[in-house]
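Below: the structure, in structure tokens.
Order of the sequence lines fixes the chain letters, A, B, ..., with proteins taken first and strands second; residue numbering starts at 1 for each chain.
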Amino acid sequence: MPEGPSLLLLKEDIDALHLIGKKVLRIDGTNKIEADRLIGQQLKAVKTYGKNFLLCFKDFTLRVHLMMFGTYLINAEKSTKLQLSLQFEDAKINFYTTSLKIIEEDPDDLFDWSSDIMSDQWNAAAALKKLKAQPDAIIADLLLDQQIFTGSGNIIKNEALFRAGIHPLSKVASIPDKKLKELIKAVRDFSFDFLNWRRDKVLKRHLEVYEQKNKKHPHIIKEYLGKGKRGTYIWPEKQHLYV
DNA sequence: GGGCTTGTTACTGT
DNA sequence: TACAGTAACAAGCC
């Protein structure tokens, strides 16, 4: 569920319920959120920031992060531990396996939407500047850096690197500006393809390297690399290593 | 059924 | 003390 594009689909599902202006009638689940603060509150806005889903109320915002395995169901339940249920007049939203937090600050003050890969305010030039500020990093790590590419995850990392023809272990300082710009554009473009493909439930068949070892092409290899030792797929003939 | 996985944080040790 | 590396957590797919 969790990369940026999937959060937009979550927002689409919630928007379809027309809950703005509606009150929270009841909350349930194993969360440690203060129920008293939420009950009776009118939903003011629903936003996403990268992988964060934001339910905005008058004086605070509930931040829902779906982590690796987070899921949600609308007007439906499943057997795994219910973490947070928000009952509105005509609809109930159930969240499972999430990280929840009440944010006191105004989200517009707290979050910089120009780094959000899905946002209208996305600023490619700012991303380039942030990449170049870490010349010794390997590019694969920076594609997961939420300060630079807010909302990017491991699938986007792999596919964007493939599209730009850059090997994941390339050192940032060694990659020509032209290629960095190409990569930044690939992140943005792939993320919207991801959004549309996932909406149509056809994402997997369009992936070119991610989980494609021994599938799309026999030369694709898999390595665990970078800070988080995340699974990384490489088609060596097509991805140049800049060192 | 063991080994993966779209993620992040809190520890640990150096 | 700062940083890098590891463990922990979760549910579902194959």
Under 4.0 Å between any heavy atoms, over every strand shown, what does A/K101 touch: base, sugar-phosphate, or nothing? Just pick one.
nothing
Against the side chain of A/E3, the closest entry in B/dT6, B/dC4, C/dA11 is B/dT6
Against the side chain of A/K78, the closest entry in B/dT6, B/dC4, C/dA11 is C/dA11
Taken to the nearest whole Å, CE/A/M68 to P/C/dA10 is 14 Å
Considering only heavy side-chain atoms of A/K51, the closest of B/dT6, B/dG7, B/dT5 is B/dG7
Can any side-chain N or O of A/Q212 pair as donor or acceptor with the backbone N or O of A/I220 at less than 3.5 Å? no
From the candidates B/dT5, B/dG7, B/dT8, the one with an atom nearest any side-chain atom of A/Y224 is B/dT5
Closest of C/dA10, B/dT6, B/dG7 to the A/F69 side chain is C/dA10
- prompt: How far apart are the C-alpha atoms of A/K132 and A/D177, what are their side-chain angles, what is the distance that settles it, and do they pass the salt bridge (Lys or Arg N to Asp or Glu O under 4.0 Å) test?
  reply: CA-CA 9 Å; A/K132 291 171 77 79; A/D177 275 18; 2.6 Å; yes
Judged by nearest nucleotide, the residue sitting upstream toward the 5' end of DNA chain C, A/K204 or A/K227, is A/K227
Q: Can you establish whether the number of heavy atoms outside A/N75 located under 6.0 Å from its atom CG is more than 12?
A: yes
Ranking B/dC4, C/dA11, B/dG7 by distance to the side chain of A/P2, first place goes to B/dG7
Pairwise P distance, C/dA7 and B/dG3 [rounded to whole Å]:
15 Å
Applying side-chain hydrogen bond (donor to acceptor under 3.5 Å, both in side chains) to A/D59 and not counting sequence neighbours gives none
Looking only at B/dT5, B/dT6, B/dT8, the nucleotide nearest the A/R230 side chain is B/dT6
Among the nucleotides B/dT5, B/dT8, B/dT6, whichever has the atom closest to the side chain of A/Q146 is B/dT8
Quick note, A/Y210 side chain, CB onward, closest among C/dA11, B/dG7, B/dT5 is B/dT5
For DNA chain C, the dot-bracket notation using Watson-Crick and G-U wobble pairs below 3.5 Å, [ ] for pseudoknot-type crossings and | for other-strand pairs, is .||||||||.||||
message = More than 12 heavy atoms of other residues, nucleotides or ligands under 6.0 Å from CD of A/E12: yes or no?
response = yes
On a whole-Å scale, what distance lies between the P atoms belonging to B/dC4 and C/dT6?
16 Å
Worksheet item: Quantified in whole Å, what is the P atom distance between nucleotide B/dC11 and nucleotide C/dA10?
Response: 16 Å
note: A/N52, atom CG; B/dT8, atom C1'; distance rounded to Å ~ 11 Å
Rounded to whole Å, CZ of A/R63 lies from P of B/dT8 at a distance of 9 Å
Between A/W197 and A/H206 (judged by ring centroids, cut-off 6.0 Å), do the two rings come close enough to count as a pair? yes
Taken in chain and number order and not counting sequence neighbours, the residues that satisfy side-chain hydrogen bond (donor to acceptor under 3.5 Å, both in side chains) with A/K44 are A/Q42
